[in-house]
A.B. asks: 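Below you will find the structure I want to go over with you.
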There are 2 protein chains.
Amino acid sequence: MGTAERRQREKEKRRNDIIDAAEKVFFSKGLDGATMEEVAEEAELSKGTLYLYFQRKDDLYGAIAGRAIKLLTARFEEAIARHVRGIERVGAIGDAYIGFYHQYPDYFNALLHHQGHRIEEFTSDNPLEALVKAIRSGIEDGSIKSELDPLKTAVILWGQTSGILQVAYMRCDALKEAYAINPEEIISYCLEMIHSMLKA
Amino acid sequence: MGTAERRQREKEKRRNDIIDAAEKVFFSKGLDGATMEEVAEEAELSKGTLYLYFQRKDDLYGAIAGRAIKLLTARFEEAIARHVRGIERVGAIGDAYIGFYHQYPDYFNALLHHQGHRIEEFTSDNPLEALVKAIRSGIEDGSIKSELDPLKTAVILWGQTSGILQVAYMRCDALKEAYAINPEEIISYCLEMIHSMLKA
DNA sequence: TAATTAAATGACCAATAGTCATATATTAGG
DNA sequence: CCTAATATATGACTATTGGTCATTTAATTA
């Protein structure tokens with residue numbers, strides 16, 4: 001009876017070890033620059049074994065994106081739990097997203113790579129729903145304008161913040177040089193804009 | 001005297017023919033799914049010839065991104081020329097960007113692929129500067145809030161709009177299904193938000 | 001313990017980006 | 001006009017890498 005469970009657990013552990021190895025290799029060399037041979041070596045397994053667990057290289061990257069989504073969702077839920085008023089919850093979620101980018105830029109890139117996919121392909125966690133929840137609570141407690149549609153607003157905030165992070169960081173060298181702008185200024189300017197847009 | 005010029009012209013034409021062929025193949029099969037052999041066949045040249053003009057496959061895609069930037073910049077400049085007041089210019093630029101996405105989604109994708117690069121690597125045209133120009137004119141004519149920083153605002157609008165287009169369209173199936181949202185609603189809701197954010 | 005099942009290996013394969021010796025086309029100079 | 005020099009294009013080839021699968025090894029079950 002216990003054998004099957006242990007083996008399942010071991011299989012899960014192996015799967016996670018492979019994903020860990022892939023994170024190391026993909027994050028240091030880029031998805032295109034990384035080879036499955038290198039991942040296999042990092043995992044101390046043969047390349048063929050990787051394909052027992054993941055059908056394609058991209059599926060392995062998808063598993064990494066799943067981790068990113070789980071982590072981001074947890075961060076959002078923490079942000080909500082730390083505040084009472086909706087406007088502050090949304091602000092804290094914005095901060096959490098930016099903190100996520102700073103701490104896990106490679107996870108952010110993995111999310112970008114997979115943004116044409118449904119989140120449910122990777123995990124049942126959903127950061128967008130956490131954001132909807134926070135906006136709703138703000139509308140209910142009166143801290144967020146009641147005329148806003150929570151869902152549309154959430155989608156827009158999500159899109160806007162992702163877009164800003166992309167611009168602020170992916171183009172930060174060019175922006176610094178041509179315009180003496182630094183990314184943090186763009187981020188905080190944008191957060192202020194969003195705040196004033198939402199506040200009742 | 002005339003021979004060198006004609007040859008230079010022919011060389012430019014060949015280069016453009018190759019880019020045309022690459023657009024066809026890359027846009028129909030995706031960058032990863034497309035092979036240089038297929039591009040060569042579409043261009044009616046040998047594969048080796050492609051490498052006389054472009055060092056790597058990605059450089060060929062970069063030339064496509066350059067076209068996208070030129071086109072978008074032209075659209076932005078037209079939007080400016082069509083209006084007098086800055087607030088309307090910015091609105092028309094927003095519409096132009098969205099129209100660009102609708103008409104040339106593949107160009108939009110090419111821009112996303114290259115957003116970690118400097119625009120100057122591809123072309124001297126710069127859509128961001130057109131946007132800065134429109135915002136400045138709005139601040140000068142009083143139709144846009146004077147407390148806004150034109151450059152930062154432009155960067156933010158650029159990032160937000162790109163982010164929204166990505167979310168609205170790349171996730172449109174999931175959003176429709178889970179939430180009965182359609183992309184156009186998200187886009188116009190967002191444009192309204194931006195408008196009220198800017199308007200003096 | 002032997003048979004069965006599960007997991008891992010590593011040699012192999014096909015595809016493709018990129019290379020470069022060779023072939024072909026064009027130009028310039030006598 | 002002809003030939004040598006220069007420019008351009010070709011296509012066979014190479015190295016690499018994602019993916020495959022027959023075989024080996026390990027674990028479990030009867």
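All chains are named by letter (A, B, ...) in the order of the sequence lines, taking the proteins before the strands, and each is independently numbered beginning at 1. Excluded from the calculations below are hydrogen atoms, water molecules and symmetry mates; all remaining heavy atoms, backbone and side chain alike, are included.
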A.B. asks: Please state how far atom CD in A:Glu5 lies from atom P in D:dT28, giving the value in whole angstrom units.
C.D. replies: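 So the two atoms are 12 Å apart, to the nearest Å.
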A.B. asks: Could you tell me the separation between the CG atom of B:Leu60 and the C1' atom of C:dT16, rounded to a whole number of Å?
C.D. replies: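 After rounding, the reported distance stands at 15 Å.
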A.B. asks: Return the 5'-most residue of the pair B:Leu31, B:Glu10 with respect to DNA chain C, ranking by each residue's nearest nucleotide.
C.D. replies: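 Result: B:Leu31.
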A.B. asks: Can you measure B:Met36 atom CE to D:dT10 atom P for me and round it to whole angstrom units?
C.D. replies: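 Whole-Å distance recorded here is 14 Å.
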A.B. asks: Just say parallel, tilted or perpendicular for the rings of A:Tyr104 and A:Tyr107, cut-offs at 30° and 60°.
C.D. replies: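 A:Tyr104 and A:Tyr107: parallel rings.
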A.B. asks: How many whole angstroms separate atom CD of A:Gln55 from atom P of D:dC21?
C.D. replies: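 Those two atoms, CD and P, are 12 Å apart.
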A.B. asks: Whole-Å distance between D:dG18 P and A:Arg56 CZ?
C.D. replies: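 One finds 12 Å between P of D:dG18 and CZ of A:Arg56, rounded.
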A.B. asks: Name all residues meeting the salt bridge (charged side-chain N to carboxylate O under 4.0 Å, His left out) criterion together with B:Lys133; count only those two or more places apart in sequence or in a different chain, and write none if there are none.
C.D. replies: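 With sequence neighbours excluded, B:Lys133 shows a salt bridge (charged side-chain N to carboxylate O under 4.0 Å, His left out) to B:Glu77, given in chain and number order.
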A.B. asks: Could you pull out all donor-acceptor pairs under 3.5 Å where a side-chain atom in residues 86-98 of chain A meets a protein atom, sequence neighbours excluded?
C.D. replies:
residue: A:Arg89; atom: NE; partner: A:Ile80; partner atom: O; Å: 3.2
residue: A:Arg89; atom: NE; partner: A:His83; partner atom: O; Å: 3.0
residue: A:Arg89; atom: NH1; partner: A:Ser137; partner atom: OG; Å: 3.1
residue: A:Arg89; atom: NH2; partner: A:His83; partner atom: O; Å: 3.3
residue: A:Tyr97; atom: OH; partner: A:Ser162; partner atom: OG; Å: 2.7

A.B. asks: Quick one: list whatever passes side chain to side chain donor-acceptor pair (under 3.5 Å) with A:Lys29, sequence neighbours left out.
C.D. replies: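 Partners of A:Lys29 by the side chain to side chain donor-acceptor pair (under 3.5 Å) criterion, ordered by chain and then number, come out as A:Glu38.
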A.B. asks: Tell me the interatomic distance from B:Lys13, atom NZ, to D:dT8, atom P, rounded to whole angstroms.
C.D. replies: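 For the pair B:Lys13 NZ and D:dT8 P, the rounded distance is 16 Å.
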A.B. asks: Return the polar atom pairs (N/O with N/O) between nucleotides 5-11 of chain C and the protein under 3.5 Å, or none.
C.D. replies:
residue: C:dA6; atom: O3'; partner: A:Arg7; partner atom: NH2; Å: 3.3
residue: C:dA8; atom: OP1; partner: A:Arg14; partner atom: NH1; Å: 2.3
residue: C:dA8; atom: OP2; partner: A:Tyr53; partner atom: OH; Å: 2.9
residue: C:dT9; atom: OP2; partner: A:Ser46; partner atom: N; Å: 2.7
residue: C:dT9; atom: OP2; partner: A:Ser46; partner atom: OG; Å: 3.3
residue: C:dT9; atom: OP2; partner: A:Thr49; partner atom: OG1; Å: 2.7

A.B. asks: List the residues meeting side chain to side chain donor-acceptor pair (under 3.5 Å) with A:Glu42, not counting sequence neighbours, and say none if there are none.
C.D. replies: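 Checked A:Glu42 against side chain to side chain donor-acceptor pair (under 3.5 Å); matches are A:Lys24.
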A.B. asks: Among the nucleotides D:dT28, D:dT17, C:dA17, which one has an atom lying closest to any side-chain atom of A:Arg6?
C.D. replies: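 Nearest to the side chain of A:Arg6 among the choices is D:dT28.
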A.B. asks: Look at all strands and tell whether B:Ala43 reaches a base, only sugar-phosphate, or nothing, counting heavy atoms closer than 4.0 Å.
C.D. replies: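 Contact class for B:Ala43: none.
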A.B. asks: Round to a whole Å and report the spacing from CD of A:Glu37 to C1' of C:dC12.
C.D. replies: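 To the nearest whole Å, that distance equals 13 Å.
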A.B. asks: Aromatic rings A:Tyr61 and A:His114: how do their planes relate, parallel, tilted or perpendicular, breaks at 30° and 60°?
C.D. replies: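 Ring orientation of A:Tyr61 relative to A:His114: tilted.
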A.B. asks: For B:Tyr51 and C:dA21, what is the distance between atoms OH and P respectively, to the nearest whole Å?
C.D. replies: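 It works out to 18 Å between those atoms.
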A.B. asks: Check residues 180-191 of chain B and write down every donor-acceptor pair under 3.5 Å in which the side-chain atom is one partner and the other belongs to a residue at least two apart or another chain.
C.D. replies:
residue: B:Asn182; atom: OD1; partner: B:Glu184; partner atom: N; Å: 2.9
residue: B:Asn182; atom: ND2; partner: B:Glu185; partner atom: OE2; Å: 3.3
residue: B:Glu184; atom: OE2; partner: B:His102; partner atom: NE2; Å: 3.2
residue: B:Glu184; atom: OE2; partner: B:Tyr169; partner atom: OH; Å: 2.9
residue: B:Glu185; atom: OE1; partner: A:Lys152; partner atom: NZ; Å: 2.8
residue: B:Glu185; atom: OE2; partner: B:Asn182; partner atom: N; Å: 3.4
residue: B:Ser188; atom: OG; partner: B:Glu184; partner atom: O; Å: 3.0
residue: B:Ser188; atom: OG; partner: B:Glu185; partner atom: O; Å: 3.4
residue: B:Tyr189; atom: OH; partner: A:Asp149; partner atom: N; Å: 2.8

